[in-house]
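In this chain, residues are counted from 1 in sequence order.
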Amino acid sequence: QTRSLLGVFEEDAAAISNYINQLFQAMHRIYDAQNELSAATHLTSKLLKEYEKQRFPLGGDDEVMTSTLQQFAKVIDELSSCHAVLSTQLADAMMFPITQFKERDLKEILTLKEVFQIASNDHDAAITRYSRLSKRRENEKIKAEVTEDVYTSRKKQHQTMMHYFCALNTLQYKKKISLLEPLLGYMQAQISFFKMGSENLTEQLEEFLTNIGTSVQNVRREMDCEVENMQQTIEDLEVASDPLYLPDPDPTKFPAHRNLTRKAGYLNARNKTGLVSSSWERQFYFTQGGNLMSQARGDVAGGLVMDIDNCSVMAVDCEDRRYCFQITSFDGKKSSILQAESKKDYEEWICTINNISKQIYLSENPEEIAARVNQSALEAVTPSPSFQQRHESMRPAVQSRPPAARTSSTGSLGSDSAALSALSLDSLVAPDTPIQFDIISPVSEDLPGQAKSSGQSGRRTNPFGESGGSKPETEDSILHQLFIVRFLGSMEVKSDESPDVVYETMRQILAARAIHNVFRMTESHLLVTCDCLKLIDPQTQVTRLRFPLPNVVLYATHQENKRLFGFVLRTSGGRVESRQTSICYIFESNNEGEKICDSVGLAKQIAFHAELDRKASEKQKEIDRVKEKQQKELNKQKQIEKDLEEQSRLIAASSRSNQSSAEGQFVVLSSSQSEDSDLGEDGKKKRESE
């Protein structure tokens, strides 16, 4: 019944969200487009008129609300001729309340719904693990851990459920406020900044808005009173329900009722999947008259399991599970093996089925008649000895060790293991390390180990490597994989050598979120490339955080919940400036934790091979440069030798030319002197003048 009612409330919340989104878009048109104010106002009026046609499961007969919105629609139609508004007044009086309701209240409902589903799944997993506790190999430490896990998950589920129900109830009041306040602010802005020609219309509007404002205040006071009452009820229920969170309560404090003729609760049913194999399925079982019914989660009604009139029921040992019993029909053709959660439920189910099988429920005083057959029910509750017990009973008696020595040995073993566990946890995570639940950007302000390039923070990033003018830094990367993740938290760790660091960080962050009721998670796009990991805002495409891939030294997924994954980033500096620090980041994905880790591993392999290729290329270039230098030196030496030979040839040729020219000058001089002696005085003067 609770889950069916919850489905109605969730359907109503979805209808409210759908309607509010439409109304928000209409009002946003009023705010953004001044030239289209008349059309946007007409659309708003139209939506208000269609309110009575909306099918709200919880608010379909609200005639006062419908008539009020109809009056608003009429007034807005009369004001549709106005074409301009002051954007500041509209932003403060109209857009802010409905935006707050849409972005804060409706998203809070969705977040609480997801957290409730997660808590419910964790509770189912804890119950399944608790149901698998061995009866033959009883381990008190494992039993205590499993019991504590069931207690924590059940308490978390109950607390989350109550807060979720409180938010759903409050949503009915916030729906009215979110519809009336924006309209009230819109009309006040219209009256304040536009002069209406009709004084009568103004007086009517003022009187109408005054009444609406009074109604809104009354609804708010009623909501505050209801919220206060629900909070007090939650506190009272938490105190009263604390003992009920245990899966197997103390039978002395909660004795079994053996005179019941009706019973309902969750049971594990065994289903055979083969000749020797079987599986267990948890379903809700209840008795209806002389029939045993079961109903799976999400079904509208239950289905018949077995007719338990004149049936037989007995406790059995089945596959090393506790609290099992078998129901066999009156003709023996059909039987079913079921497992209860606790010893109390186990005894009550057997007694109830025994009472129904004897058709006690048909009598006028079924409880008095059931008390008479209580003794037979108690005999059916006592299980028969198992094979191991029968086998041990046939062994000869062996002298046992003193119980004191065994107790001391067990105590020392527990203390040693606890000390080792505490020591190992302290070596992984610092005890005084704060936890960061939100993303702080840019990352270079908080992480000194990450280099901040010009234009890195606050720059829009295209995750697919496409850009208009500038070339992105990851364009040359051959790997581009995008994942949707939600940031859970980060904290500094002491070690980065074992995946246990990531597991312990996940445990502490999830525990801190549960303790402090931190439900909000920042959704981002994780871009994996061969150079780095980027967290990108899905709406603005702005890079929130950038993690260099060489600094990511460890990454792992949760051992059971594969949606959780984390990685350790090694940076320089931190709380102690003289050493390197390691910070572990934890995220939640949509069933893609292993894929993300595989993608990061592939990116590191590609980067490693690229680095090897780069080093080999640089080495080859260095060898080529050395060879080229040697070749240049050799060519230079040859050129020098060639120049020396050419110079020696030129010197020899020059010396021969000088010798021949000297001999020619001597012959010419001798001939000229002989000619001068023959010419006489006049000839000499002419010779000289020439």
Side-chain angles (χ1 to χ4, degrees), residues 2-3 114-161 241 243-249 263-274 276-286 292-299 302-303 305 315-327 336-350 383 386 503 506-507 510-511 514 557-564 588 591 593-594:
T2 302
R3 291 191 177 273
E114 294 178 0
V115 173
F116 170 71
Q117 188 63 34
I118 292 174
S120 180
N121 295 336
D122 293 342
H123 174 255
D124 293 342
I127 287 297
T128 301
R129 185 182 175 191
Y130 177 81
S131 301
R132 294 174 180 172
L133 283 177
S134 175
K135 185 173 69 175
R136 300 176 185 175
R137 301 183 298 274
E138 192 73 13
N139 191 328
E140 295 298 327
K141 183 177 179 180
I142 297 177
K143 181 180 178 181
E145 291 177 356
V146 174
T147 303
E148 180 66 22
D149 190 11
V150 173
Y151 173 84
T152 303
S153 62
R154 183 168 289 178
K155 184 176 182 180
K156 178 181 177 182
Q157 183 194 19
H158 191 203
Q159 293 177 349
T160 306
M161 177 180 65
S241 303
L244 301 178
Y245 295 139
L246 292 172
D248 196 357
K263 178 69 176 173
Y266 281 95
L267 295 174
N268 293 328
R270 191 184 73 165
N271 299 321
K272 288 188 177 181
T273 57
V276 294
S277 60
S278 61
S279 63
W280 294 83
E281 183 180 4
R282 188 169 183 262
Q283 285 189 356
F284 185 82
Y285 285 79
F286 60 96
L292 179 64
M293 314 289 288
S294 69
Q295 183 174 354
R297 186 170 298 178
D299 291 348
V305 177
V316 294
D317 288 334
C318 184
E319 296 181 4
D320 203 21
R321 289 202 175 203
R322 304 177 305 165
Y323 310 140
C324 294
F325 57 95
Q326 181 176 355
I327 306 173
S336 179
I337 296 179
L338 304 174
Q339 181 191 18
E341 291 182 3
S342 63
K343 185 177 181 180
K344 176 178 177 294
D345 287 339
Y346 165 75
E347 295 180 359
E348 287 182 353
W349 272 106
I350 293 180
S386 63
Y503 304 149
M506 289 178 181
R507 187 190 67 80
L510 293 177
T557 59
H558 196 273
Q559 294 173 325
E560 297 179 358
N561 188 359
K562 297 303 181 181
R563 296 187 304 170
L564 300 179
E588 181 187 24
N591 299 323
E594 293 182 346

**Student:** Within the 4.5 Å heavy-atom criterion, are E347 and S342 side-chain neighbours or not?
**Tutor:** no

**Student:** Atom NE2 in H123, atom OH in Y130: separation rounded to 0.5 Å?
**Tutor:** 11.5 Å

**Student:** Taking only residues two or more places apart in sequence, or in another chain, which ones meet E281 in a side chain to side chain donor-acceptor pair (under 3.5 Å)?
**Tutor:** N271, Q283

**Student:** If I compare all heavy atoms of R154 with all of L246, which pair ends up nearest, and what's the gap?
**Tutor:**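 Closest approach of R154 to L246: NH1-O, 3.4 Å.
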
**Student:** Under a 4.5 Å cut-off applied to non-hydrogen side-chain atoms, are E341 and I127 in contact?
**Tutor:**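 Touching, per the 4.5 Å side-chain cut-off.
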
**Student:** Using modelled atom types and a 3.5 Å cut-off, is there a donor and acceptor pairing between side-chain atoms of Q295 and backbone atoms of Y285?
**Tutor:**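 Absent.
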
**Student:** Which heavy atom of V150 sits nearest to which heavy atom of A126, and what is that distance?
**Tutor:** CG2-O, 3.4 Å

**Student:** Begin from the C-alpha positions of D124 and R297 and carry the test salt bridge (charged side-chain N to carboxylate O under 4.0 Å, His left out) through to its verdict.
**Tutor:** CA-CA 12 Å; D124 293 342; R297 186 170 298 178; 3.3 Å; yes

**Student:** After noting the C-alpha distance and the side-chain angles of L564 and T557, does the key distance pass the side-chain contact (heavy atoms from CB on, under 4.5 Å) rule?
**Tutor:** CA-CA 6 Å; L564 300 179; T557 59; over 6 Å; no

**Student:** What distance do R129 atom CZ and T147 atom OG1 have between them, rounded to the nearest 0.5 Å?
**Tutor:** 10.0 Å

**Student:** Show the nearest heavy-atom pair for residues M293 and G302, with the distance to one decimal.
**Tutor:**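 The answer is CE-O, 3.9 Å.
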
**Student:** So, for W349 and A264, which heavy atoms are closest and what is the spacing to 0.1 Å?
**Tutor:**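 Heavy atoms of W349 and A264 come nearest at CZ2-C, 4.0 Å.
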
**Student:** Is there a donor-acceptor contact under 3.5 Å from the side chain of E114 to the main chain of I118?
**Tutor:** no

**Student:** With rounding to the nearest 0.5 angstrom, report the CG to CG distance, D345 to L267.
**Tutor:** 7.5 Å

**Student:** Strictly distance-based, threshold 3.5 Å: is any side-chain N or O of N121 a donor or acceptor partner for the main-chain N or O of Q117?
**Tutor:** yes

**Student:** Evaluate the side-chain proximity of I327 to I350: yes if any heavy-atom separation is below 4.5 Å, no if none is.
**Tutor:** no

**Student:** Any chance the side chains of D248 and Y323 put a donor and an acceptor closer than 3.5 Å?
**Tutor:** yes

**Student:** Could you tell me which residues satisfy ring-ring contact (aromatic ring centres under 6.0 Å, His included) with H158, sequence neighbours excluded, listed by chain and number?
**Tutor:**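 Listed in chain order: Y245.
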
**Student:** Locate the shortest heavy-atom distance separating W280 from C324; write the atom from each residue and the value.
**Tutor:**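 Scanning both residues completely, I find the closest heavy atoms to be CH2-SG, 4.1 Å.
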
**Student:** Measure the CD-CE distance between Q559 and M506 for me, rounded to the nearest 0.5 Å.
**Tutor:**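 Q559 CD to M506 CE: 9.5 Å, rounded to 0.5 Å.
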
**Student:** Before accepting this row, confirm whether a basic side-chain N of the pair E148/K143 lies closer than 4.0 Å to the acidic partner's carboxylate O.
**Tutor:** no

**Student:** Tell me, please, which residues at least two apart from S278 pass side chain to side chain contact (heavy atoms under 4.5 Å, CB included).
**Tutor:** R270, E319

**Student:** Does NZ or CZ of R322 come closer than 6.0 Å to the centre of the six-membered ring of Y346, within 45° of the ring's axis?
**Tutor:**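 Ring-cation test returns no.
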
**Student:** Please walk me through it: do Q326 and S336 pass side-chain contact (heavy atoms from CB on, under 4.5 Å)?
**Tutor:** CA-CA 6 Å; Q326 181 176 355; S336 179; over 6 Å; no

**Student:** So with a 6.0 Å cut-off around CZ of R321, is the heavy-atom count from everything else above 12?
**Tutor:**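 Yes, CZ of R321 has more than 12 neighbouring heavy atoms, counting only those of other groups under 6.0 Å.
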
**Student:** Under 3.5 Å, is there a donor-acceptor pair linking the side chains of S153 and D122?
**Tutor:** no

